[in-house]
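Take a look at the structure set out below.
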Amino acid sequence: MSAWLVRHVTGLSMAAMALLAYVDHLTGVEITFVVMTYLAPIAAVTWFRSRRLGLAFATLATTCTVLILIDTASPPLHAVVLDAIGAYGMFVAVTVLLDALRRHVERERHQRRAAVEQLRHAERLNVIGTLAAGVAHELGTPLNVISGTAELLGERPLAPDRVRKHADLILRQTEKITAIIRHLLDFGRRGGTPAADLDLDEAVRRSVELLAAMARKRSIDVRFEPAGTSQRVRASSRELEQVVSNLMLNGIQAMPRGGTLRVATATEQRGDAVYGVISVSDEGDGIAEEHLPYIFDPFFTTKGVGEGTGLGLSVTYGIVNDWGGRIEVTSRPGHGATFVVRIPAYAASAARGRSNQNTQPWPGGELAPTMPR
Amino acid sequence: MTAPLLLIADDDADMRALVRSTLRPDYPDALEVVDGRELFWQLMRASFTRDGRERPIVVIADIRMPAYTGLEVLDAWHGEQGALPVVVITSFPDDDVRARVAELGATLLPKPFTRARLRQAVQAVRGRRGSP
């Protein structure tokens with residue numbers, strides 16, 4: 001803004017001078033000629049810098065000058081007419097000036113947006129760097145154990161049981177590497193599974209049951225609150241299971257001192273579109289505001305080594321995106337976090353038609369059942 | 001003259017076993033630690049049991065470990081107690097890691113390394129410290 005002021009200070013001073021000339025004229029001092037000799041070149045310069053701003057200053061200056069000239073040349077002209085012309089000129093000048101300012105602010109905002117976009121790109125590159133470092137760290141150790149063991153095998157003849165032991169070690173390490181690669185593939189979403197027509201409540205309930213025992217061991221009470229609408233969504237059951245269990249695992253790990261983990265489903269209508277909604281809320285410490293923008297980035301984790309790979313939430317994000325859905329997180333530090341997944345769904349009428357052919361796991365309207373303890 | 005005590009810090013058991021078996025002929029005595037905290041405690045213990053017949057230590061430490069990273073522990077130790085013969089193992093030696101390892105006067109050994117390379121690295125840090 002200060003740079004802008006410096007750039008347009010000539011224009012501003014010109015407008016000020018024009019105003020002064022008008023006021024001076026009213027007090028009887030005649031400096032129109034002097035003002036005009038300054039005004040013309042300055043107006044030209046301003047015009048070339050910013051058309052609209054120049055126009056605003058020129059209008060302002062011209063109005064003042066015209067008023068001075070008319071008033072000087074024909075004093076008998078009716079004062080009301082002069083006032084009207086003056087008021088109108090001022091109005092136009094101020095309007096154009098405001099418009100110019102608004103445009104300037106908009107341009108600045110646009111530039112800021114471009115800068116933010118650039119920053120995001122840099123961050124994305126950073127993510128790739130983090131990814132590379134993560135992969136190198138994960139793969140380095142098993143690779144080293146394999147190469148070292150192979151060397152050991154080749155150095156001198158060993159007893160058969162020792163050879164067997166070393167071969168087993170190599171096998172174990174390759175399994176470790178395979179698991180890492182599978183995780184990465186999940187992350188890159190290269191091996192997608194075909195989508196099917198799923199009952200949202202039923203599919204989520206299966207995943208909740210899978211993790212309920214693990215949660216109980218950590219003294220976490222899992223509450224499942226299904227919508228009971230038999231909403232159907234188009235997704236692969238394996239992926240849906242992965243999404244729900246990733247979000248639940250995240251919630252469980254966020255509550256080291258125990259608590260309640262709520263998993264709920266709902267149907268949401270937004271205009272013509274219908275969404276199946278899954279929400280997972282924990283009672284953990286919440287997510288720090290500065291971490292929120294990175295929460296879905298690969299290898300971003302605030303957990304200790306061995307707790308999480310930092311891939312869970314980014315895998316989840318990728319899957320939900322593939323469905324054409326959205327995932328959002330809200331959190332207040334100290335008050336837990338809530339993840340909400342919206343999956344494009346079939347219209348309610350279609351869902352009702354289908355629900356007749358299926359037994360409903362939770363009859364609609366019934367109180368939400370709690371997972372058995 | 002007894003061989004120096006080997007302090008092997010890595011959170012991966014197979015990796016510790018590989019390092020230990022590679023260096024066993026020259027360093028029969030080795031202690032394995034699984035995280036940064038334990039590494040620090042073992043360094044403390046080794047320094048407190050000094051009684052004029054101090055036994056030299058050679059540290060072989062991974063960087064990525066639970067609790068504290070190898071570099072964090074070694075940095076802290078370096079600041080408090082002075083230089084140690086250290087081999088730092090890592091699979092991702094970026095510029096920052098290289099600079100910090102150089103500051104410690106340690107040797108960097110990128111993964112995956114050969115057994116010969118490991119022996120050389122240990123030999124090199126011992127020579128640099130003027131240890132027996």
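Letters A, B, ... are given to chains in the order of the sequence lines, protein chains preceding strands, and every chain is numbered from 1.
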- [ ] Would you mind checking if Asp26(B) and Arg119(B) are paired as a salt bridge, meaning a charged N to carboxylate O distance below 4.0 Å?
- [x] no

Open item on the list: For the CG atom of Leu261(A) and the CG atom of Leu249(A), what is their distance to the nearest 0.5 Å?
Closed with: 10.0 Å

TODO: Answer with side chain, backbone, both or neither: which region of Ser147(A) has an atom nearer than 4.5 Å to a non-hydrogen atom of chain B?
DONE: side chain

Open item on the list: Under a 3.5 Å threshold, yes or no: a donor from one side chain and an acceptor from the other, between Thr22(B) and Arg115(B)?
Closed with: yes

Open item on the list: So that I can tick it off, tell me whether Asp12(B) and Lys176(A) are bridged by a salt bridge, with the cut-off set at under 4.0 angstrom between side-chain N and carboxylate O.
Closed with: yes

- [ ] Heavy-atom pairs under 4.5 Å with chain B are the metric here; pick the option from Leu143(A), Leu152(A), Ile146(A) that has the most.
- [x] Leu152(A)

Task: Contact class of Ala116(B) relative to chain A, heavy atoms under 4.5 angstrom - done: backbone

